[in-house]
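Data block below; observations after.
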Amino acid sequence: PPGGTVRWESPFSIPPDARPDRPADRHLRDGADRPAWVEVEAAVRVGDSGTAFPVRARRRISVRPPLEIRLDPWSLFLRPTDIARVLPVLLENHAGTAFRGPFSVTVEGTDRLGVTAPATVSVGPGEEVLVPVRIFPREGLAEGAYSVTVRAGDALFGAPFRVVDVGIPEEVKVAVVATLSGAERRALEMMGIRPDVLDDRQLRTADLGGYDAIVLGARAYGVRPVLRRMNRRLLDYVAGGGNLLVMGNRAEDWDPAFAPYRLVLGKERVSRERAPLRFVEEKHRLLSFPNRIRPDDFLGWVQERGRDFPEEWDTARYRVLLATGDPGRPEVPALLVAPFGKGTWMMTSLAWYRQLAIFNPAALRFLANAVSYSWRKY
């Protein structure tokens, strides 16, 4: 009719041999298959004019497996001293029929990890089911990298499993200013510490003196603008006996006034994952207690060592504990520590948050040492 619209739809189905892809929001850098494309080309004729209008369309679709297995990557870490770790395995049924079949979880690389899991699972069409799996250490479990394989019917999921011997006092009271990934908070939780996560209001009003340590997540001064206005409170907290750990920041977000003494960040970037790391003060408390950090702990580092390292600092007040640099480039301080009042202020430009996400031993031990640094019983 005049002014009317006619809509025509052409249904399509996914070929049974289509390869499933993985959603990009959960797999940004792990080589996920590209999503499938549906391409349509048609010629449309209206009336008897004989005139044909070409119509072309290209749409990206996500091809999902009939049964999808997902696992929280932060649960894939265990200490030999832990009682157990619960792996929350999520099964999602994308098929039009119910699934009921065998379920199993196996650990490759050691017989010192026990597993308790149901023998069968049931998932209705369109449903998600959380299957709790318990993994527990047996006597003699060695530190190292292992793998976990989850099977449900024909569906298969494999992931690395890391065992790291890292100590941390259970009574330590920690607060975290969360930023990019929340890696610092999640890593502490996996080590048995439940940190308080400070929001903007708490940064303004909370009594910070009750914390043994406060951790500012990566790029805190750029991601959490309130810190610029509340930085004096943080320095007062340190002066009163607190322990503040400042993770990597960008030079454009940094103001030398944020530090207790002069500290200017430059734009130097150490891009090589295996760039040399020099232990300037190997026996310093931060690198040795309660966990001794050794050069081998840094193996398996991912992406760059770090960026925006200090280019000017008060050499009389700051102690450089770690230094690094790409071959042919000047060495830069990777970890600075300074006493301020009754407390300690620490800053590092290494990309620890990426390493915490893969349970790198150096990253876990450094974080544990940092939050334990001024703990009263040590």
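All residue numbers in this chain count up from 1 along the given sequence.
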Taking 4.0 angstrom as the limit, do [X] and [Y] come out as a salt bridge?
X	Y	result
Glu171	Lys173	no
Arg305	Glu273	no
Glu304	Arg354	yes
Asp165	Arg79	no
Arg219	Glu252	no
Arg278	Glu331	yes

Can you name the one residue among Arg162, Arg294, Arg365 that meets salt bridge (charged side-chain N to carboxylate O under 4.0 Å, His left out) with Glu143?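 Running salt bridge (charged side-chain N to carboxylate O under 4.0 Å, His left out) over Arg162, Arg294, Arg365 with Glu143 returns exactly one hit, Arg365.
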Mark yes or no: Arg151 above the aromatic ring of Phe157, with NZ or CZ under 6.0 Å from the six-membered ring centre and no more than 45 degrees from the axis.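 The answer is no, since Arg151 fails at least one limit relative to Phe157.
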Can you list the residues that meet the side-chain contact (heavy atoms from CB on, under 4.5 Å) rule with Asp314, with sequence neighbours excluded?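 side-chain contact (heavy atoms from CB on, under 4.5 Å) check on Asp314 returns Tyr261, Ala316, Arg317, Tyr318.
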For Ala42, what residues pass the side-chain contact (heavy atoms from CB on, under 4.5 Å) criterion, not counting sequence neighbours?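 Once residues adjacent in sequence are excluded, Ala42 has no partner under the side-chain contact (heavy atoms from CB on, under 4.5 Å) criterion.
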Can you confirm whether Phe366 sits close enough to Leu286 that some side-chain heavy atom of one is under 4.5 Å from a side-chain heavy atom of the other?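 Sidechains of Leu286 and Phe366: in contact.
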Is there a side-chain contact between Leu90 and Ile69 in this structure, where contact means two heavy atoms from C-beta onward sitting under 4.5 Å apart?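 They are not in contact (no side-chain heavy atoms under 4.5 Å apart), so the answer is no.
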Distance (rounded to the nearest 0.5 Å) between [X] [atom1] and [Y] [atom2]:
X	Y	atom1	atom2	result
Leu188	Met190	CG	CE	10.5 Å
Thr324	Leu322	OG1	CG	9.0 Å
Thr81	Ile168	OG1	CD1	11.0 Å

Residues [X] and [Y]: side-chain donor-acceptor under 3.5 angstrom:
X	Y	result
Asp326	Ser271	yes
Glu108	Thr149	yes
Tyr211	Asp196	yes

Nearest non-hydrogen partners of Pro333 and Val320, listed with the distance: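 The answer is CB-CG1, 3.8 Å.
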Any idea which heavy atoms bring Ala368 and Gly167 closest together, and the distance?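 It is CB-O, 3.6 Å.
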With Phe258 via ring-ring contact (aromatic ring centres under 6.0 Å, His included) - residues at least two apart: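 Only Tyr221, Trp254 meet the ring-ring contact (aromatic ring centres under 6.0 Å, His included) criterion with Phe258.
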Please identify each residue that fulfils ring-ring contact (aromatic ring centres under 6.0 Å, His included) with Trp313, with sequence neighbours left out.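 Applying ring-ring contact (aromatic ring centres under 6.0 Å, His included) to Trp313 gives none.
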Can you sort out the partners of Asp236 under side chain to side chain donor-acceptor pair (under 3.5 Å), two or more places apart, ordered by chain and number?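 Side chain to side chain donor-acceptor pair (under 3.5 Å) check on Asp236 returns nothing, list empty.
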ring-ring contact (aromatic ring centres under 6.0 Å, His included): which pairs involve residues 76-108, sequence neighbours left out?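 Checked against ring-ring contact (aromatic ring centres under 6.0 Å, His included) - neighbours excluded - the pairs reaching residues 76-108 are Phe77-Phe359.
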Quick one: does [X]'s side chain have a donor or acceptor within less than 3.5 Å of a partner on [Y]'s backbone?
X	Y	value
Asn93	Leu91	no
Gln355	Ala351	yes
Arg285	Tyr373	yes

Over 60° means perpendicular and under 30° means parallel, so classify the ring planes of Trp352 and Trp301, tilted if in between.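 It falls in the perpendicular class, over 60°.
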